[in-house]
Amino acid sequence: MIRLALAPLLLAAGLAAASAAEAIRPLPPAMVGTWGYEGRSCTEETDDGRVEVKPREVTFFAAFCRFSRIRVERGAIVGSGRCRGEGETQVDQGDVSFRQISPTRLEINVQNSPHIYQRCDRPLPVR
C-alpha cells in the first residue's frame with residue numbers, strides 16, 4: 001500500500017526532472033567552438049574579439065552568460081540565464097541569440113547588437 005502511495009510522487013519527480021533537462025538543453029554542436037570578430041581575432045593572441053561558445057554558456061573577452069534556458073525563437077537559438085556585462089560587477093538575467101549563417105559564420109546578438117563572427121581554426125584563449 002505504501003508503494004502505491006509513493007508511485008504518484010515518484011512519477012511527479014521524474015516529470016520535474018525531465019522538464020528541468022528540457023529547459024537547459026544545449027546549444028547545437030555546430031555553434032560550439034571559438035569564433036572571431038574578424039580574421040585577426042582568431043590568430044592574434046592579444047586580440048580581444050574572440051568568443052567561446054560552449055553547450056550552455058558563452059564567454060566574451062570581458063563578459064559571459066551561463067544559460068538556464070535555451071529555446072528557438074524566430075529562427076534563432078536564444079539562451080537565457082545569468083550574465084555579466086563588460087565592466088559590470090554584478091550578474092543579472094540576460095539573453096543572447098545565435099543564428100548559424102554557415103558552418104563558418106555565426107551571428108551572435110547581445111542587447112540588440114548583432115555581429116557575424118567567423119569560426120576560428122585554432123582556438124586561442126578568450127581571456
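Under the 30°/60° scheme for interplanar angles, the aromatic rings of Phe67 and Phe98 are found to stand perpendicular.
Counting only heavy atoms from C-beta outward, the side chains of Asp48 and Phe60 never approach each other to under 4.5 Å. Side-chain atoms of Ile70 and Ile77, non-hydrogen and from C-beta on, do get closer than 4.5 Å to each other. Counting heavy atoms from C-beta outward, Arg84 and Cys65 have side chains that stay 4.5 Å or more apart. Annotation: side chain of Leu27 is in contact with side chain of Val53 (closest heavy-atom distance under 4.5 Å).
Although no hydrogens or angles enter the test, the distance criterion places a donor-acceptor pair under 3.5 Å between the side chain of Arg50 and the main chain of Glu45. Without hydrogens or angle criteria, Glu38 side chain to Arg40 main chain gives no donor-acceptor distance under 3.5 Å. For His115 (side chain) and Glu107 (main-chain N/O), no donor-acceptor pair under 3.5 Å exists by modelled atom type.
Each of Val58, Val51, Asn109, Val78 was scored for a side chain to side chain contact (heavy atoms under 4.5 Å, CB included) with Val96, with one residue passing: Val58.
Here Cys83 contributes atom SG and Phe64 contributes atom CZ; the two are 7.5 Å apart, rounded to the nearest 0.5 Å. For the atom pair OG (Ser41) and CG (Leu124), the distance works out to 10.0 Å, reported to the nearest 0.5 Å.
When the salt bridge (charged side-chain N to carboxylate O under 4.0 Å, His left out) test is applied to Arg66, the partners found at least two apart in sequence or on another chain are Glu57. Every residue was checked against the salt bridge (charged side-chain N to carboxylate O under 4.0 Å, His left out) condition with Arg119, not counting sequence neighbours, and none meets it.
Smallest separation of non-hydrogen atoms from Trp35 and Cys120: C-SG, 3.7 Å. Taking each heavy atom of Gln118 and Cys42 in turn, the nearest pair found is O-SG, 4.0 Å. Of all non-hydrogen atoms in Met31 and Gln100, the two that sit nearest each other are CG-OE1, 3.1 Å.
For the residue pair Arg122 and Thr43, no side-chain donor N or O sits within less than 3.5 Å of a side-chain acceptor on the partner. There is a side-chain donor-acceptor pair under 3.5 Å between Asp92 and Gln90.
Both Ile108 and Val72 are members of a single hydrophobic cluster when ILVMFWY side chains are connected at heavy-atom separations under 4.5 Å.
Through direct or relayed side-chain contacts under 4.5 Å between Ile, Leu, Val, Met, Phe, Trp and Tyr, Val32 connects to no other residue.
Heavy atoms from other residues, nucleotides or ligands lying under 6.0 Å from CD of Gln93 number more than 12.
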